[in-house]
Amino acid sequence: MGNIEILAPAGGPDSLVPAVRLGADAVYLGAKQFSARGNAGNFDREALKEAVEYCHIRGVKLYLAVNTLMRDEELSDAMELVEYAASLPVDALIVQDVGFASLVRSAAPGLRLHGSTQMSVHTPLGAQMLYDAGFSRVVLSRELSLAEIREIAASSPIELEVFVHGALCMSVSGQCYFSAALGGRSGNRGLCAQPCRLPFAAPGGTGHDLSLKDCCAIPLLGELTKIGVRSAKIEGRMKRPEYVAAAVSACRIAADGKPVPQKLMDQLEAVFSRSGFTDGYLTGRRGRGMFGIRQKEDVTAATGEILSQLRAAYQEEPARVPLDVAVTVQPDKPVLLKVQDDCRHEAAVEGPIPQIAQKVEVTAQRCRDQLKKMGGTPYYLREYSAQVAPGLALPASALNGLRREALESISRQRAQRDRPAFSRGELPETGGHRTGPLKLRARFPHGDIPDVFRSCDRVYVPLSTPARELQSLQERGFRLAVEIPRGMFGTESQVLRLLEQAKQAGVSHAWAGTLGAVAAAQQAGMKIHGGFGLNLMNTAALEWAEDQGLEDVEVSWELSLKQAARLGGKIPRGLLVYGRMPLMLTRNCPAANGPKGCLACKKPPVLTDRKGIAFPLQCAGGCTEVLNSVPVVLADRKREIQGMDFVVFRFSVENSVESEENFRAFHKGNRPESGYTRGLSDRGVD
């Protein structure tokens, strides 16, 4: 396979130079729109063009992150950006939105697609699903262990990209709604306010039990290469150029099989860390030791001297592109200089006719000495040949001019790449979705379900529900679907086994909230109900779900009621009308931060924020959901729910009495009195 690709962040043009000069094989960056780091400097159209040329001249790939969720009215601008990016061309697009991805695949089938980590892919079947959809690469969830990555690598030909350094989100990427719910700033749309870095305390925990240390897996690059990882990704589009310099330098050395100097690792920690680093997910050492915050000493560690040393490392252009040079100096003929690079680009330029030497004659060695002076460019002399007749004179300025002209020609050729064809089609039509009588659905975390819910069109219960209980619930008249956990780290084979058991118990429907869950349900031959975690925000995304054979879907929680009503497409859709929104899905349970670790809680523990507000925690298939402090309640807003085929009651910490009360309140249209939220039904998200 060769060395692993070092993929560096460039939040703006000032970070691009250290990334390239210090050894990145590829960089990723965002445009001014549709970037998951909306607050980074990012690149306007002209800067993006210059960045592509700069990288391609130096043999570095450039991936454009167009990795936010998009509303229908934004898709036109997004596709215009793709058309421009394809004309440059960028080497790949990093995308999250499944609807947008399907439009790009149709318009530019030759443009490589990389599935963003925001797609929450962390299972073999999830990775294979992207490959079958035409993706070239998937950026895996950060929470995977080395053994779990190895399993994915062995099961699918898709390229794997893994984060090896930088910030760790507490939540599985793409499954966090904390910032959106608390302040209307969506992490899925590049505007995360990072509330997780504020104090949230679990019993016996650290006091900051949603804040993880930064990942540092640089010592594991060799192991990652062995198990089949193609690209080692550095997080950090919001960080300073000196951070990029340190991280890229360390990764480059490690990828080349050399020991990373301790001084460089110390500089990397000094320039940015949160109480040090962790490799806990990759090595499987999860728990309290992974948590940390940015303290005063972390900030002051980046001294002027350290920053100056890191800046000095990328002040000069390194020679990284080899050139083969041939010069011909013959009487009565123009001097001829031929240059060829490592990609077989060629330049042939002619100079003046040499004169008869009066004092100093030109020689092959003198030509070589002059032509090899390529300082300030990315080129260096590899092979040299010369045919120089004796007795001739040629000024150094002539050779300098020939060299300059040849290098400019080579650079122009290297900057140009084959452009993928782009054929922009019509966007899906919005609005006009016809609905019948509004159906009701309910989700329970257990099998204690009141009889009143037999009127529901579908009742979701955990996939882990024993077969006898599934049969009993069906005998009582409940139309069941099993809920596949959104977090399936290392448990895909177990999920498939449980799906088969559910089918044998008479349940043929499954709720799937991630791509991996959809893929598992498809393999099991279940009828699939798409969950909120699929983040379906536009009509194209709904059409994607229909193409995948889903029965129906829940639309994104981040749409307002008015925005949801305008969605087009034919697939039945629904939304939440009652329940505590799972704000995070995490593999690192905050309640396990106490001295005794996991307590196998019988009663949901809580996180308490700095204002004393409690957020319940609930285990879900090997992961933990951080629930909102209060439930969404829309019982009195039924008339505003337009264009929906069903609504969902998502019960979590409620007992059977509370569940029934809230169900009846919806039927009566009761206005809630206290302890509730409208969620994002009015405002949506930025």
Side-chain angles (χ1 to χ4, degrees), residues 3-9 11 15 18-19 22-25 28 117 139-149 160-170 173 194 196-197 206 208 211-227 229 231-295 297-299 301-302 306-307 309-310 313 587-588:
N3 284 352
I4 196 169
E5 173 189 87
I6 303 303
L7 177 56
S15 293
L22 293 175
D25 301 297
Y28 67 102
T117 191
V139 188
L140 293 175
S141 294
R142 292 171 171 89
E143 293 77 10
L144 287 159
S145 69
L146 289 170
E148 291 158 353
I149 294 171
L160 303 184
E161 183 175 303
V162 171
F163 280 94
V164 297
H165 193 84
L168 284 175
C169 293
M170 184 64 178
S173 294
Q194 298 189 17
C196 53
R197 302 299 181 184
T206 67
H208 284 80
S211 181
L212 296 174
K213 295 177 180 177
D214 282 14
C215 167
C216 184
I218 295 172
L220 299 174
L221 285 186
E223 181 66 19
L224 288 167
T225 305
K226 289 179 183 178
I227 65 177
V229 174
S231 181
K233 186 171 194 172
I234 301 167
E235 183 277 337
R237 284 195 282 152
M238 298 288 289
K239 296 189 174 79
R240 65 205 318 169
E242 295 87 350
Y243 163 87
V244 175
V248 171
S249 296
C251 287
R252 178 75 275 153
I253 293 170
D256 291 341
K258 302 173 185 177
V260 181
Q262 187 58 47
K263 178 182 178 181
L264 178 56
M265 293 303 297
D266 292 342
Q267 289 176 329
L268 179 55
E269 184 170 346
V271 77
F272 196 95
S273 78
R274 290 183 172 90
S275 310
F277 297 138
T278 179
D279 61 6
Y281 282 128
L282 286 170
T283 57
R285 296 193 294 265
R286 299 189 299 276
R288 189 183 183 101
M290 287 187 67
F291 288 77
I293 58 173
R294 189 137 168 87
Q295 303 180 79
E297 50 267 35
D298 297 319
V299 177
I306 289 175
L307 296 176
Q309 290 172 352
L310 290 171
R587 198 179 185 188
N588 218 337

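Looking at Leu221 and Val164, their side chains come closer than 4.5 Å, going by heavy atoms from C-beta outward. Between Thr283 and Leu220 there is a side-chain heavy-atom pair separated by less than 4.5 Å. Residues Leu264 and Ser249 have side chains in contact (heavy-atom distance under 4.5 Å, counting atoms from C-beta outward). For the pair Tyr281 and Glu143, the minimum side-chain heavy-atom distance is below 4.5 Å. The shortest distance between side-chain heavy atoms of Leu282 and Leu144 does not fall below 4.5 Å. Looking only at side-chain heavy atoms (C-beta outward), Ile306 and Leu310 come within less than 4.5 Å of each other. You'll find the side chain of Val162 reaches within 4.5 Å of the side chain of Ile149, heavy atoms only. With contacts defined as side-chain heavy-atom distances shorter than 4.5 Å, the pair Ser231/Leu7 qualifies.
Taking CD of Gln295 as the reference point, atom NE2 of His208 lies at 9.0 Å (rounded to 0.5 Å).
Judged by the 6.0 Å distance and 45° axis criteria, Lys239 is positioned over the aromatic ring of Phe272. The side-chain tip of Lys233 points at the ring of Tyr28 from less than 6.0 angstrom away and within 45° of straight on.
Residues passing the side-chain contact (heavy atoms from CB on, under 4.5 Å) test with Thr117 are Val139, Arg142, Phe163, Ser173, sequence neighbours excluded. For Ala245, the side-chain contact (heavy atoms from CB on, under 4.5 Å) partners are Pro18, Leu22, Tyr314, not counting sequence neighbours.
Among pairs with a residue in residues 243-264, those fulfilling salt bridge (charged side-chain N to carboxylate O under 4.0 Å, His left out) read Asp25-Arg252, Arg252-Asp256, at least two apart in sequence or across chains.
Closest approach of Val271 to Leu268, counting heavy atoms only: CG1-O, 3.3 Å. For the residue pair Ala255 and Ile6, the shortest heavy atom distance occurs at CB-CD1, 3.7 Å.
A donor-acceptor contact shorter than 3.5 Å links the side chain of His165 to the backbone of Cys215. For Arg274 (side chain) and Leu212 (main-chain N/O), no donor-acceptor pair under 3.5 Å exists by modelled atom type. Side-chain atoms of Arg197 do not come within 3.5 Å of backbone N or O of Ser211 as any donor-acceptor pair. Counting only distance, with no hydrogens or angles, the side chain of Asp298 and the backbone of Ser275 share a donor-acceptor pair below 3.5 Å. Under the 3.5 Å distance criterion, the side-chain polar atoms of Thr278 are matched with a main-chain donor or acceptor of Gly280. For Glu148 (side chain) and Ser145 (main-chain N/O), a donor-acceptor pair under 3.5 Å exists by modelled atom type. Side chain of Glu242 to backbone of Leu307: no donor-acceptor contact under 3.5 angstrom is found.
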Q: With side chain to side chain contact (heavy atoms under 4.5 Å, CB included) as the test, would you mind laying out the steps for Val229 and Leu140 before giving the verdict?
A: CA-CA 10 Å; Val229 174; Leu140 293 175; 6.0 Å; no
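Remark: of the listed residues Met290, Glu235, Lys213, Met290 is the sole one forming a side-chain contact (heavy atoms from CB on, under 4.5 Å) with Leu168.
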